[in-house]
Engineer: 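Have a look at the structure that comes next, please.
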There are 2 protein chains.
Amino acid sequence: MRKKTCYIICEDNNDYRESLMAFLDEDDELVCCGSFENAENIINKINTSQPDVVLMDIDMPVKNGIEALKEIKQSLPEKEVIMLTVFEDRENVFEAVCAGASGYLLKNTSPVIIAESIRVVMNGGAAMTPVIARKALQFFQKPLKNNAPGLTAQEQQVLKLLVNGLSYKMIAAKIDVVIDTIRYHIKKIYDKLHVHSAPEAVAKAIRDKLV
Amino acid sequence: MRKKTCYIICEDNNDYRESLMAFLDEDDELVCCGSFENAENIINKINTSQPDVVLMDIDMPVKNGIEALKEIKQSLPEKEVIMLTVFEDRENVFEAVCAGASGYLLKNTSPVIIAESIRVVMNGGAAMTPVIARKALQFFQKPLKNNAPGLTAQEQQVLKLLVNGLSYKMIAAKIDVVIDTIRYHIKKIYDKLHVHSAPEAVAKAIRDKLV
DNA sequence: CATCATACTACATCATCATGTAACGTTACG
DNA sequence: CGTAACGTTACATGATGATGTAGTATGATG
């Protein structure tokens, strides 16, 4: 017989937790090895219950579910975590995905789908509803040509080289002009980016994907 | 009666294209308004056929499907594009998702799922298999605590402030030490990051997620 | 044609940075 | 208890950066 998949659930709503567990217990591939109403000392909880998958609520007393997720991925990165929450805002989805959640489901998701999602995650997939998936993907659909500050071609080139760590002198040599020309461009760049130093400019360029 | 969803398909394999169309035509919510064996002049094709959704192969003669996707998102960002391909490598998935694909399916996907995926996309969702979704998500799961260079707590603090654009003087004021102390820390940081200037350090810190 | 934006060069000046050397205190460790 | 790692301050010096002013040239725009 196939080895069962063990899961734990962290969820402060007793009714929801109990009813979900009751349903999942009907599935003969799944077995609950822990049920908690908060995520305190989540690492200890996992070490004692040894689950394959963690179902994690977000809004819980004492310890936020995303914080718990981060702790898990810090200490036990191989554990799969599926967020199970009422939130579907970009912030929470983004946080959870960045922190390494393998799934993100809403609580109104059918228990059938939740069971299926656990299987999906165990098979190396990610489990989320299409709408959540869309939100997740939107985060790294680069607004790529974010040339809002209206940098000219030369300025972009100079900024790029600056970001790559080149000094004025090196940039000048690279694009074959005098160093004063680089000063000129850099000043213009600073004005447009509203900064006053190279580190600021570099940080802004990278973060705003200007290069 | 509900308005039908119009789609076009760009796919160089005639057999696959024809058989998929034949199946999708059975679905009374879907109607094919264009069928092409390459993605040349994709904008023109779309303007004349006016689809809601584009099914796009990647490996096609003349014009790569991802290039076509980029053109579509550039000119007609509201059109939904679902990639339909044999490739499931990180590169292609990443490229497609970044370029704004609303879905990414493998050609061995059941036609039933493909039809369902079109509906999903029309309802504001993203359509992909769990395994593809996982690959997509992995791209922006930050390896967050990348403190490989072994920076001390103070050094991390100083680096963070430097990245935020503060001058030595400002950093010194912020953590209430003399400017020479900042010089000392910065030097250490440069040594550990193997850089020799603030812009380099900032770029490295952000890219390697040291802060 | 006049004007504007862009690009390049030059010169000047003060501020800031990069680097080295050196000394002192604290905490942790074998 | 000596040593090592870390944090702190100090001093010095040459290099680089930040900012301003100013002149020239070119292509585009109206």
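Values reported hereafter were calculated over all heavy atoms of this structure, with side chains retained and with hydrogens, waters and symmetry mates removed. Predicted, not measured: the structure shown is a model, and the values here were computed from it. Every chain is numbered from 1, with letters handed out A, B, ... down the list of sequences.
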Engineer: Enumerate the residue pairs fulfilling side-chain hydrogen bond (donor to acceptor under 3.5 Å, both in side chains) with a member in residues 48-57 of chain A, sequence neighbours excluded, ordered by first and then second residue.
Structural biologist: A/D57-A/K107
Engineer: Whole angstrom is fine here: how far is it from CD1 in B/I182 over to P in C/dT19?
Structural biologist: 16 Å
Engineer: Tell me the salt bridge (charged side-chain N to carboxylate O under 4.0 Å, His left out) pairs involving residues 40-51 of chain B, sequence neighbours left out?
Structural biologist: none
Engineer: Rounded to whole Å, please give me the gap between CD in B/Q157 and P in D/dC6.
Structural biologist: 17 Å
Engineer: A/E18: which residues meet the side-chain contact (heavy atoms from CB on, under 4.5 Å) condition with it, sequence neighbours left out?
Structural biologist: none
Engineer: Donor-acceptor pair, distance only, cut-off 3.5 Å: does the side chain of B/Y104 make one with the backbone of B/A126?
Structural biologist: no
Engineer: Got a sec, which residues hit side-chain contact (heavy atoms from CB on, under 4.5 Å) with A/E155, two or more places apart in sequence or on another chain?
Structural biologist: A/L151, A/T152, A/H185, A/K188, A/I189, A/K192
Engineer: Using side chain to side chain donor-acceptor pair (under 3.5 Å) as the criterion, list what pairs up with A/K187, not counting sequence neighbours.
Structural biologist: A/D191
Engineer: Would you please name every residue forming a side chain to side chain donor-acceptor pair (under 3.5 Å) with A/R90, sequence neighbours left out?
Structural biologist: A/Q138
Engineer: Rounded to whole Å, how long is the line connecting atom CG of A/D176 with atom C1' of C/dT9?
Structural biologist: 13 Å
Engineer: Name the residue closer to the 5' end of DNA chain C, choosing between A/K192 and A/T181 according to the nucleotide with the nearest heavy atom.
Structural biologist: A/K192
Engineer: Output the single nucleotide from D/dT9, C/dC8, D/dC6 whose closest atom is nearest the side chain of A/Q154.
Structural biologist: C/dC8
Engineer: For A/S197, enumerate each residue passing the side chain to side chain donor-acceptor pair (under 3.5 Å) test, keeping only those at least two apart in sequence or located in another chain.
Structural biologist: A/E200
Engineer: Produce the list of close N/O pairs, under 3.5 Å, pairing protein atoms with atoms of nucleotides 25-30 of chain C; give distances to one decimal.
Structural biologist:
none

Engineer: Which letter, B, S or -, goes with each nucleotide of nucleotides 14-30 of chain D from 5' to 3', with contact meaning a protein heavy atom under 4.0 Å?
Structural biologist: --SBBBS----------
Engineer: How many Å lie between NZ on B/K188 and C1' on C/dG20, as a whole number?
Structural biologist: 13 Å
